[in-house]
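Working notes, structure below.
Chain A is the first sequence line, chain B the second, and so forth, proteins listed ahead of strands; every chain is numbered from 1. Hydrogens, waters and symmetry mates play no part in the numbers below; they use all other heavy atoms, side chains included.
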Amino acid sequence: MSEIHIAGRVVINLWRILRHEVTLNVYTFENVAYHVLHQREPLFSFKQLSTWYKQPAHKNRWRVIEFYLTRVNGNLAIMKQLDLIGQTSEFARVFGIEFYHVLSRGSQYRVESMMLRIAKPMSLIAVSPSVQQRAQQKAPECIPLTLEPQSRFYSNPVIVLDFQSLYPSIMIAYNYCFSTCLGRVENLAHAHEGMFDFGCTSLGIDPKQLKDLRNDITISPNGVVFVKSKVRRGILPIMVQDILNTRIMVKKSMKLNKEDKALERLLHARQLGLKLIANVTYGYTSASFSGRMPCIEVGDSIVRKARETLERAISLVENTKKWGAEVVYGDTDSLFILLKGRSKEDAFRIGQEMCDAVTNDNPKPIKLKFEKVYLPCVLQTKKRYVGFMYETPDQKEPVFDAKGIETVRRDTCTAVSKILERSIKILFTSRDISAVRNYVQSQCKKLIDGRANIQDCIFAKEYRGMAGYKPGACVPALEIARKNLVVDRRSEPRVGERVPYLIVYGPPGLPLIQLVRKPDIFLSDPSMRLNATYYITKQILPPLNRIFALLGVDVFKWYQDMPRSTKVAPVAPVNVAQKKGMISQYFSTMNCAICEELTKNNVCDACRRDPQNVVTTLNTKISKWERAFNSISQICASCQGVPQDNQNCTSLDCPLLFRLHRGKQDMVKAEQYREFIAKLF
DNA sequence: GGTGCGACCTAA
DNA sequence: TTAGTTAGGTCGCACC
């Protein structure tokens, strides 16, 4: 990790650590100093430094010394600002591992450190499966619930509720652990036949003992049996409970010690460490790729129970008529609830009522927490949304809160995120689309005229090293590394380093990769111009359009309408949100029955005009559905039944049944489409 | 022109 | 010689 080793000393590679500590576009010393210390530091070339150093009479040597001193002191200042040493020490204490191991080793090591301390007094030892055993473990079958959002602009309050530490809470509430798991129900029926598969190894249960236990077990929704805590309290529940309790204590203590800044920092580090370890405990159980003791039965049960918990919460919210609420989105442990025609104050009150109701509906310590109210907001797709956030009823000014969209991503340049954020803010505050249009057009003009800030147009992406790419990969960072190597073989970027680049104009038809330039090359060559067309049509407009198309606005048209002679007319790409066919509150549109484009009619004009194309499109769809249907295996994995005649499978949650159901729906659709084609001619 | 794949980065 | 997980969206290119 540190690349430098000194016996008896801990050597810290600050740059590598900062990659995890702060999210930045580039991790050069200057950039980190600017963002963490809020100080501008100069960067001189080696050539310049050498010149100064070698000048006669050492006239400028002090500059070189000062330059390096600034860096040394700056590094220390950065570490101090982030409380790196304090935090690492505290983590070491909380997890019970060495200081250096906090930085150098992964989260499995942390979990094991805590878990084995509890296991040993109970005379339990950990299984250590071989690589082969791990590879032969059953594949996971359960996935968290992520609802398809109703993708549109919401002018009414949307409240966001989420379960507090859901996975740890589930372990505690239902006593899910390696040490309490009896395996799958279907295996227990044959327990008298001997050992059966369990996790990476196998398990044998004495049938007589099993009979005595029959009233002291619970069965997870995916059919895995656990003993209740009166039989044996699981190690993971004990550990996680301990962690969560301690965290609550630490947080209380933080409130009491607000004056003592040093103590407060220490306590903050402590509670953060506790939170991290609680969250990765689940990851440990389902680390099927690299884990040292994964157990799919335990991991899957946690996910499946969490899913069930969220589903129950959704139905409770939607079926309580007095709230008049509608769940519009949810992911793993969160609920987004639309309250039509309610005020912000109502939202806070009702949201709290919902939290209390759902919390009461679940065993301790599962708790639904009021997170925030969005007013207004846009739900774009799964895991992508943005809104004006209020966290308390008396908060006057909202906070801009974005998840997953380009304002928080590092794979676009700053110009994109700045323009997107500004546009959304204009929309949210003024609700005036023409104001947004004016702003966007003025920014495009700036780019076209070459007045844009070049700093804002720099992309930076992580370099994976020469061996990190598939042959033929077309990646700017790799391209630049290759070019660097030609000049100086020491100048290859480090693995994990974020490599900056720009896109310049070139002759038409050239692939994008050949328009990639390093910033210093770009600056030193006056003939190079920023590729304004690329920046506008490929970077700035598409993310804007993903938001504003939901309001029925065509952002690309704004660009085309700009008074300018030499512009290139861009083609608006069809994005997922459009495909999914939002019905915005401003326009009544629907999806074309054939191509799923937005249309005012049942079938869009394009499909109407070209019947042959329609036939091809539909036939492709039909064959896809049929393939999918035929691929469904006919033996239900969880109930071992034959679900063709739905009678044999009693479990409503049976995943195969679900897939069959979907498959049948698809087949019905295929049939309808066949009829449609027949009618067409 | 559609599709599949690789690359990147984020949500949870 | 050590590594927590999966889901999801988007872009650019190669291929058919």
Side-chain angles (χ1 to χ4, degrees), chain A residues 1 23 25 101 104-112 131 134 139-149 151 160 162-163 165-167 276-296 298-300 302-303 306-307 310 329-334 371 380-385 402-412 416-417 459-464 468-479 496 498-499 503 510-516 534 537-539 542-543 545-546 571 573-577 579-580 595 613 616-617 620-621 624:
Chain A
M1 192 193 82
T23 15
N25 223 355
H101 287 165
S104 62
R105 308 216 34 187
S107 29
Q108 295 204 59
Y109 191 72
R110 300 178 179 184
V111 174
E112 279 165 2
V131 177
R134 185 175 66 203
E141 288 168 356
C142 305
I143 52 169
L145 178 64
T146 309
L147 300 180
E148 188 65 56
S151 167
V160 181
D162 66 18
F163 285 100
S165 309
L166 182 58
Y167 286 3
L276 293 181
I277 194 80
N279 284 337
V280 295
T281 309
Y282 154 73
Y284 186 83
T285 64
S286 44
S288 47
F289 169 66
S290 62
R292 273 189 292 268
M293 191 174 71
C295 180
I296 194 62
V298 177
D300 254 6
I302 297 170
V303 174
R307 191 185 166 108
L310 184 60
Y329 179 57
D331 186 354
T332 312
D333 65 349
S334 63
E371 195 65 24
Q380 201 174 300
T381 56
K382 287 178 174 178
K383 299 183 192 286
R384 289 183 172 221
Y385 52 89
K403 297 283 151 123
I405 64 169
E406 284 72 7
T407 56
V408 293
R409 295 182 67 84
R410 289 181 293 175
D411 47 4
T412 53
V416 174
S417 48
F459 299 91
K461 286 178 191 169
E462 246 182 42
Y463 175 64
R464 295 186 183 175
Y469 295 97
K470 289 265 158 104
C474 175
V475 181
L478 182 60
E479 203 62 22
R498 297 184 67 88
V499 179
I503 304 292
L510 224 55
L512 188 61
I513 192 74
Q514 295 188 30
L515 304 179
V516 169
Y534 172 79
T537 62
K538 296 288 179 189
Q539 294 293 329
N545 200 46
R546 284 192 272 276
V571 185
V574 182
N575 61 55
V576 175
K579 280 183 186 156
K580 281 169 189 157
C595 66
N613 184 34
T616 326
T617 316
T620 326
K621 275 188 185 175
K624 215 185 223 173

Just by distance, do the side chain of [X] and the backbone of [Y] share a donor-acceptor pair under 3.5 Å?
| X | Y | answer |
| --- | --- | --- |
| Arg307(A) | Ile143(A) | yes |
| Glu371(A) | Ser334(A) | no |
| Ser151(A) | Gln380(A) | yes |
| Glu479(A) | Ile513(A) | no |
| Tyr329(A) | Lys383(A) | yes |

Next on the checklist: With rounding to the closest Å, how many angstrom separate the P atoms on dA12(B) and dG4(C)?
Outcome noted: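 My reading of the P atoms in dA12(B) and dG4(C) gives 22 Å.
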Can you measure [X] atom [atom1] to [N] atom [atom2] for me and round it to whole angstrom units?
| X | N | atom1 | atom2 | answer |
| --- | --- | --- | --- | --- |
| Tyr329(A) | dG8(C) | OH | P | 9 Å |
| Ile405(A) | dC8(B) | CD1 | P | 23 Å |
| Gln108(A) | dT5(C) | CD | P | 8 Å |
| Ile302(A) | dG4(C) | CD1 | C1' | 12 Å |
| Arg464(A) | dC8(B) | CZ | C1' | 7 Å |
| Lys383(A) | dT10(B) | NZ | C1' | 9 Å |
| Lys403(A) | dG8(C) | NZ | C1' | 16 Å |
| Arg292(A) | dA3(C) | CZ | P | 5 Å |

Could you tell me whether [X] contacts a base, only the sugar-phosphate backbone, or nothing, with contacts defined as non-hydrogen atoms closer than 4.0 Å?
| X | value |
| --- | --- |
| Gly291(A) | nothing |
| Val303(A) | nothing |
| Phe459(A) | nothing |
| Ser286(A) | sugar-phosphate |
| Arg498(A) | sugar-phosphate |
| Leu166(A) | nothing |

Item to check | dA3(C) pairs with, by Watson-Crick or G-U criteria that keep both distances under 3.5 Å | outcome: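 Its partner: none found.
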Next on the checklist: Only pairs with both distances under 3.5 Å count, Watson-Crick or wobble alike; so what is the partner of dT10(C) in this structure?
Outcome noted: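 dA7(B) is the nucleotide pairing with dT10(C).
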Options [options], nucleotide nearest the side-chain atoms of [X]:
| X | options | answer |
| --- | --- | --- |
| Thr332(A) | dA12(B), dG4(C), dG9(C) | dA12(B) |
| Arg546(A) | dG4(C), dT10(C), dC9(B) | dT10(C) |
| Arg384(A) | dA7(B), dA3(C), dG9(C) | dG9(C) |
| Asp331(A) | dG9(C), dA12(B), dT6(C) | dA12(B) |
| Leu512(A) | dC9(B), dG12(C), dT10(C) | dG12(C) |
| Pro542(A) | dG4(C), dC11(C), dC9(B) | dC11(C) |
| Pro511(A) | dG4(C), dC13(C), dG12(C) | dC13(C) |
| Ala287(A) | dG4(C), dC9(B), dG12(C) | dG4(C) |
| Asp333(A) | dG4(C), dA12(B), dC11(C) | dA12(B) |
| Tyr385(A) | dA11(B), dA7(B), dG12(C) | dA11(B) |

Checklist entry - Where each residue is assigned the nucleotide of DNA chain C containing its nearest heavy atom, which of Pro144(A) and Asn279(A) is assigned the position nearer the 5′ end? => result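 It is Asn279(A) whose nearest nucleotide is closer to the 5' end.
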Item to check | Side chains of Pro144(A) and Tyr167(A) in contact at under 4.5 Å (non-hydrogen atoms) | outcome: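 They are in side-chain contact.
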Checklist entry - What are the two closest heavy atoms between Leu310(A) and Thr332(A), and how far apart are they? => result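 Taking every non-hydrogen atom into account, CD2-O, 3.5 Å.
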Next on the checklist: Taking only side-chain N and O atoms of Ser104(A), does any of them lie within less than 4.0 angstrom of OP1 or OP2 on dT2(C)?
Outcome noted: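 For Ser104(A), the contact criterion (side-chain N or O under 4.0 Å from OP1 or OP2 of dT2(C)) is not met.
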Checklist entry - OP1, OP2 of dG4(C) versus side-chain N and O of Tyr167(A): anything below 4.0 Å? => result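 Answer no for this pair, as no side-chain N or O of Tyr167(A) is under 4.0 Å from OP1 or OP2.
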Next on the checklist: Check this for me: does the side-chain of Arg409(A) come within 3.5 Å of the base of dC9(B) through a donor and an acceptor?
Outcome noted: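 Looking at the base of dC9(B), it does pair with a donor or acceptor on the side chain of Arg409(A) (distance under 3.5 Å).
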